[in-house]
**Q** 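Next up is a structure, given as structure tokens.
Note that the coordinates shown come from a computational prediction; the quantities given were computed from them, not determined experimentally.
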Amino acid sequence: MTQQSLWQFITEQQEKLLTQVVQHLGLTFLSLILAIIIGVPLGIMIARKRKLSSPVLGVAGILQTIPSIALLGFMIPAFGIGAKPAIVALLIYALLPIIRNTYTGITEVSPTVIEAAKAMGMNKSQLLFKVELPLAMPVIIAGIRTAAVINVGVATLASFVAAGGLGEFIFGGISLNNTNMILAGAIPAALLAVLLDQTIALVQKSGYQLFQKLKYIVPAILIIVGAAYLFTSVSKNSIKAGFTPEFMGRQDGDLGLRSVYKLNANPVIVNDAIMYKAAYEKELDLISGYSTDGRIKSFDLYVLNDDKKIFPPYFAAPIIKTKTLEKFPELEKTLNLLANQFNDSIMADLNYKSDELHQTPERIARDFLVNNKLYKPSRKGNSGTIRIGSKIFGEQYILTEMYKMLIEGYTDYNVETKTGLGGTKICFDALVNDAIDFYPEYTGTGLLVLLKPSGQTLKEVTQSADKTYDYVNVEFQKQYGIQWLKPLGFNNSYALMMRRKQAEELKIESISDLKRYFEK
């Protein structure tokens, strides 16, 4: 297969890219104008009442230090998913530079100038609008400039809460091991940041007079772009779908829905950490989930029958370099202690304990090993260190802890865990580049995301889970010097799911039943 160039990818995806650019600008502009409306008056207030400056700036500074992913997570219970939590989070991030620069600009106006203005008979309002704000304007605009650039970058994370933007391509590319997709999102985001920075810099240099001329035009532009964002974000379907970035780009995902079922769900892109709860709280009606996820039980979701079989069964197994197995001779035997110890229901139950009962991965792993007579206390050995990686969802954390306990109990090796590495690309690149020694992977992901075989090969090797496993094991050894160890015994494939009550009311049992609810 010929490697697709970045330009070819952009040409093919130009409509989607344009939509994401508009969404990205809409998020940035709406949050920025709200931050200006709130931040500038706050800055003026604390400049007038200096005792309030420390607590107000302190609170704004604390909000600024909250990690952006965590801040988005805090917004979801209050605002759901979509534009609202993203705009509120971006607004919070933009406040500090605007408040601080407004305060600094006004307080640094020369006392002599203030006294002269008062001597001319100016009242407080005239003093503010005719003296202080014009003189402070370059500093205030510098704060707005900083806030704008920050928001362009942070807005890429909005795709985690189904708010759209260029983050859809960036995180989709990370999940799908697609460099072109990452660049198609990252390059426009960087260009937008530079363009916005230079545009505001022009206003800053031109001074208060230009600002006065543009004070009505700029808000109008911001509102128009914001309205365009909201328009592009509105779903026209009676059933609102939300799919993960990785699901969107896979044949056993949205591509299969389109080609086999002829179903275009027009989904929003959403992070798998929040999509189950979004379905439960009726923010979404249809989601792409995982067959062994404990949240299916937690939120009483109904898995639709895949009547045309686009979600073939795949095995889970650890993948590791051959040279690592040679370096640590006791490792393969130890890792294979978990081989065939699971089935789908066992893994789903373990995930349920994590997702619904909120047990720690360490406790779940230890209980499982004890119940299966596999647990041994740590030897606290010092014969070398094994680094285990994991993706960023509960099942991987649980498996990582099991492997850690087995290695420490059955060998004299130490263990370091590097959990939460994000998508497939990050984990696999870490393995290839020797940043980790192994991590749990799925044969379907290895086949479709990492090997990307031809259509004919794909058809042949997906006839059974065993054929898929044999193919990826041979190809990984040939191409990367990486082996798939023995499968764990459970199948974690994709699945489409809805709230059980809604599926019953709409009489939807299979994926084919969905078609009448989506636009043609």
Side-chain angles (χ1 to χ4, degrees), residues 28-68 71 87-120 122-155 192-219 221-222:
T28 302
F29 287 172
L30 282 173
S31 58
L32 186 62
I33 196 167
L34 289 171
I36 293 170
I37 290 170
I38 295 170
V40 171
L42 270 176
I44 293 169
M45 182 190 75
I46 62 177
R48 290 282 184 266
K49 300 179 179 180
R50 304 287 176 89
K51 290 181 179 179
L52 294 176
S53 61
S54 292
V56 169
L57 290 173
V59 169
I62 290 170
L63 292 173
Q64 184 88 12
T65 63
I66 299 173
S68 47
L71 190 59
I87 290 171
V88 173
L90 291 171
L91 157 66
I92 289 171
Y93 266 94
L95 279 177
L96 178 61
I98 293 175
I99 296 171
R100 184 176 56 203
N101 280 42
T102 302
Y103 169 77
T104 302
I106 291 175
T107 55
E108 288 187 352
V109 173
S110 172
T112 305
V113 174
I114 300 294
E115 288 301 319
K118 287 180 178 178
M120 293 174 65
M122 288 188 179
N123 57 33
K124 288 185 177 181
S125 177
Q126 290 173 324
L127 183 65
L128 176 65
F129 287 102
K130 292 183 180 296
V131 178
E132 292 174 314
L133 279 181
L135 292 175
M137 193 55 63
V139 180
I140 295 172
I141 293 177
I144 294 172
R145 182 179 175 184
T146 302
V149 174
I150 290 172
N151 275 16
V152 171
V154 176
L192 286 178
V194 172
L195 180 62
L196 198 55
D197 179 65
Q198 292 304 308
T199 301
I200 299 175
L202 180 63
V203 175
Q204 185 180 1
K205 288 178 182 177
S206 301
Y208 188 65
Q209 291 75 21
L210 180 61
F211 174 79
Q212 285 285 83
K213 292 177 183 177
L214 297 177
K215 68 180 180 180
Y216 299 114
I217 298 173
V218 172
I221 293 172
L222 298 182

**Q** Contact between Leu42 and Ile46 at the side-chain level, heavy atoms closer than 4.5 Å - yes or no?
**A** no
**Q** State, to 0.1 Å, how close Thr104 and Thr107 come at their nearest heavy-atom pair, and which atoms those are.
**A**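 What the structure gives for the nearest pair is O-OG1, 3.2 Å.
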**Q** Once rounded to the nearest 0.5 Å, what's the spacing between atom CG of Asn151 and atom OG of Ser68?
**A**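 If I round to the nearest 0.5 Å, the distance is 11.0 Å.
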**Q** Is there a side-chain contact between Ile144 and Leu32 in this structure, where contact means two heavy atoms from C-beta onward sitting under 4.5 Å apart?
**A** yes
**Q** Report the distance from atom CG of Leu30 to atom CD1 of Ile87, rounding to the nearest 0.5 Å.
**A**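 The distance works out to 4.5 Å.
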**Q** To check you understand the geometry: which heavy-atom pair defines the closest contact between Leu95 and Ala35, and what is its length?
**A** CD2-O, 3.8 Å
**Q** List the steps and the verdict of side chain to side chain contact (heavy atoms under 4.5 Å, CB included) for Gln198 and Arg145.
**A** CA-CA 9 Å; Gln198 292 304 308; Arg145 182 179 175 184; 4.2 Å; yes
**Q** List the atom of Pro67, the atom of Tyr93, and the distance in Å for their closest heavy-atom pair.
**A**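 It is C-OH, 3.2 Å.
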**Q** Ile140 versus Leu133: any side-chain heavy-atom pair under 4.5 Å?
**A** yes
**Q** Taking the side chain as everything from C-beta on, heavy atoms only, tell me whether Val131 gets closer than 4.5 Å to Val113.
**A** yes
**Q** Any chance you could measure Arg48, atom CZ, to Glu132, atom CD, to the nearest 0.5 Å?
**A** 4.0 Å
**Q** Quick check for you: to the nearest 0.5 Å, what is the distance between Arg50 atom CZ and Tyr103 atom OH?
**A**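 Interatomic distance, Arg50 CZ to Tyr103 OH, rounded to 0.5 Å: 5.0 Å.
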**Q** Quick one: closest heavy-atom pair of Leu91 and Leu34, and the distance?
**A**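 Minimum heavy-atom contact is CD1-C, 3.6 Å.
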**Q** Please check this pair: side chain of Gln126 against backbone of Asn123, looking for a donor-acceptor N/O pair closer than 3.5 Å.
**A**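 Looks like yes, one N/O pair under 3.5 Å.
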**Q** Walk me through whether Leu135 and Glu108 qualify under side chain to side chain contact (heavy atoms under 4.5 Å, CB included).
**A** CA-CA 9 Å; Leu135 292 175; Glu108 288 187 352; over 6 Å; no
**Q** Got a second to check how far Arg100's CZ is from Thr146's OG1, nearest 0.5 Å?
**A**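 Atom-to-atom, Arg100:CZ and Thr146:OG1 are 7.5 Å apart.
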**Q** Restricting to non-hydrogen atoms, name the atom on Val149 and the atom on Ala193 that form the minimum distance, rounded to 0.1 Å.
**A** CG2-O, 4.0 Å
**Q** Hey, could you give me the NZ/CE distance between Lys130 and Met120, rounded to the nearest 0.5 Å?
**A**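 The CE atom of Met120 is 10.0 Å from NZ of Lys130, to the nearest 0.5 Å.
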**Q** Might you point out which heavy atoms bring Leu127 and Ala117 nearest each other, and give the distance in Å?
**A** CD1-CB, 3.4 Å
**Q** As a quick check of understanding, evaluate side chain to side chain contact (heavy atoms under 4.5 Å, CB included) for Ile106 and Ile44, giving each step before the final call.
**A** CA-CA 7 Å; Ile106 291 175; Ile44 293 169; 3.6 Å; yes
